[in-house]
Protein chains: 2
Amino acid sequence: MVRVSVNGYGTIGRRIADAVKLQPDMELAGMVKRTPDYWAFLAMQKGIPIFCPDPAARTRLERAGVKVEGLLEDLFARSDIVVDCSPEKGEENKPLYESAGMKAVFQGGEVHSIAGVSFVAQCNYLEAVGRQYVRVVSCNTTALARVLKTLDDAVGVEKGIATLVRRATDPEDCAKGPIDSVVPDPVELPSHHADDVRTVMPGMDLTTMAVKVPTTHMHLHALALKVKEPDAGKAVSALLGAPRILLFESKKGYRSTANMINYAREIGRPRGDLYEVGVWKESVKVEGDWLYLFMGVHQESIVVPENIDCVRAMTGEEDASRSIQMTNKTLGMVK
Amino acid sequence: MVRVSVNGYGTIGRRIADAVKLQPDMELAGMVKRTPDYWAFLAMQKGIPIFCPDPAARTRLERAGVKVEGLLEDLFARSDIVVDCSPEKGEENKPLYESAGMKAVFQGGEVHSIAGVSFVAQCNYLEAVGRQYVRVVSCNTTALARVLKTLDDAVGVEKGIATLVRRATDPEDCAKGPIDSVVPDPVELPSHHADDVRTVMPGMDLTTMAVKVPTTHMHLHALALKVKEPDAGKAVSALLGAPRILLFESKKGYRSTANMINYAREIGRPRGDLYEVGVWKESVKVEGDWLYLFMGVHQESIVVPENIDCVRAMTGEEDASRSIQMTNKTLGMVK
């Protein structure tokens, strides 16, 4: 059993903690919390062991009525690997992991060089095997890498141009905008996402542009890909056969990102999470030697299976497809 | 003086009526209204002559207290040209214009064949000179045509891929969605906008994809253009020099579509209208032989100057730049 701890209990950390508990070969050693907010109490209700980064935080949580198991060093003493889910504080935390001799998974908000290896399971699993540090890329990059790898293998991608229509913020965030406006983000082109894809797929000729809109549930990507074999049928077949990509048909009622999330809610996914990239089937179209499609990306959950596979690779599992299949099965991702 | 009537008093019709009143060479003969809603009363307050399509409508309006000047035939008797601003009812109305021998301008919601000529002033003004029927293209097409023409002239556009992030509905519309979702619209690619651009710029190799988002104020386009001369500086100069295109700098605070509209409000434009295409200056970027940019499109007002120029061309003015300059001056579009 691999003992996994989670440092940071935000949008991603909470989901990874739950996903670890579902793995037959992992156990959740605990998670790190600083503030006695409602998530601390919900974690306590779920029986997740709570640890604090320092004595002051411990006092704060205990005074508020949160049961604390110990400090960071206590958590590390009972862990084999930590998944850093801090709000882009990986660089600050890395020395703690180094001095404790802990393996660590970082998230896509960190720079590639924090680990030297960036990870998407179905693209480069083997690069993470046995490593001390690995970075799981962000939600948008994960989605792009899954789809580009699948289509590159099937029809050969020579160049890509992607426009990312990003959700403003997560559904639980009541403080941030924008409202009633579209925000180029960043306004200076191109956006960083293409470079980030190249940390996983070096040499991919891709340009990305991103805007932010007043929605909370998913990003939407509009992809234009110059391909060697402009065959929409072959592309659809490849997407249908690939792990962690689902095709949704508009004519069945999947008209928007909201309907994709509703699918996840209806099939009983925890928190209404859609771990898969959702491609609109009718959108896959060829014009000349370019292939076009729309896809939806659930920003809160798409990296959860990648983190699980990443832990497995770093702690010795050398068979990518065995890990991917186990993760898919435990998280309910059956095609 | 060219006597202009406006059939339909919605988002576009109201604006064209006001714009006609500002032209030294035109007079507003009147407009056509069917229902005694608040726009009828506002028009009455402004002294705009109101006509009805039939006696029943006249009775309805008069009973509600709206002063009615007469019926459609009375309006046509005192008009040289009608601007059809009906909600995509141009095909239904055209026989009325034919039997009255009226010249008619149609809007972009109609098919190209309704007039045989589609119009964007700075692209193909001369095609409309003296014509009986002309169609002014839609807001998105107008914006694309203005920018593509300018860039094609300056740096040579070989191919274009545009993603349109469309506003859900207009600010006054309290009934429609979407809310909190991104809707591929249409989901089947490509969207019709590229074909529509080709009604004005035949042979333009362009593919368009469109999604709808929960905003009301502007569309945003992300453009990727393969160009003969990949020179961002030259592109910016051309955009700066072109009529009806404004460059907005993000670093000065123009961060979103909302800020572009706020510019129009602050400079005193009626209704906060932005007749120009707004291009984010910092977004204009070259990578390889592709040029990228973001631009904003005020869906309610961008076609207003085009309608004015179209009326002028159809009623005999042969000098495109004289018409464009007069329209720009009267509507306050000074660079």
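Here is the naming used below: chain letters follow the sequence lines, and residue numbers restart at 1 for every chain. Note: hydrogens, waters and symmetry copies are ignored here, and every other heavy atom, side chains too, is used. Only a predicted model underlies this, so the values are computations on that prediction, with no experimental measurement involved.
Side-chain atoms of B:Thr208 and B:Ser191 include a donor-acceptor pair closer than 3.5 Å. Of the N and O atoms on the side chains of B:Thr215 and A:Asp180, not one donor lies less than 3.5 Å from an acceptor on the other residue. For the 3.5 Å distance criterion, the side chains of B:His112 and B:Ser118 qualify, holding a donor opposite an acceptor. B:Ser283 and B:Tyr292 share no side-chain donor-acceptor pair at under 3.5 Å.
When heavy atoms are compared at a cutoff of 4.5 Å, A:Ile261 does not approach chain B at all. Of the atoms belonging to B:Leu164, not a single heavy atom falls under 4.5 Å from chain A. Neither the backbone nor the side chain of A:Pro178 comes within less than 4.5 Å of any heavy atom in chain B. For chain B, the nearby part of A:Glu287 is the side chain; its heavy atoms alone come within less than 4.5 Å. For B:Ala194, no part lies near chain A; criterion is any non-hydrogen pair under 4.5 Å. Using a 4.5 Å cut-off between heavy atoms, A:Val187 touches chain B through backbone and side chain atoms alike. Both the backbone and the side chain of B:Val182 come within contact range of chain A, each with at least one heavy atom under 4.5 Å from a heavy atom of that chain.
Salt-bridge check for B:Glu306 with B:Arg135: failed, with every basic side-chain N at 4.0 Å or more from each acidic carboxylate O. In this structure, B:Asp18 does not pair ionically with B:Arg14, as no charged nitrogen and carboxylate oxygen lie closer than 4.0 Å. Under 4.0 Å is where a charged nitrogen must lie from a carboxylate oxygen, and between A:Glu300 and A:Arg271 no such pair does.
Heavy-atom pairs under 4.5 Å with chain B peak, among A:Asp185, A:Thr207, A:Leu220, A:Val183, at A:Thr207. Heavy-atom pairs under 4.5 Å with chain A peak, among B:Pro190, B:Ala224, B:Gly288, at B:Pro190. When each of B:Met209, B:Lys212, B:Arg255 is checked for heavy-atom pairs under 4.5 Å with chain A, B:Met209 comes out on top. Chain A forms the most heavy-atom pairs under 4.5 Å with one residue out of B:Ala222, B:Pro184, B:Ala258, and that residue is B:Pro184. Chain B forms more heavy-atom pairs under 4.5 Å with one residue of A:Glu188, A:Met218, A:His219 than with any other, namely A:Glu188.
Minimum heavy-atom separation, B:Pro186 to A:Phe294: O-CE1, 3.6 Å.
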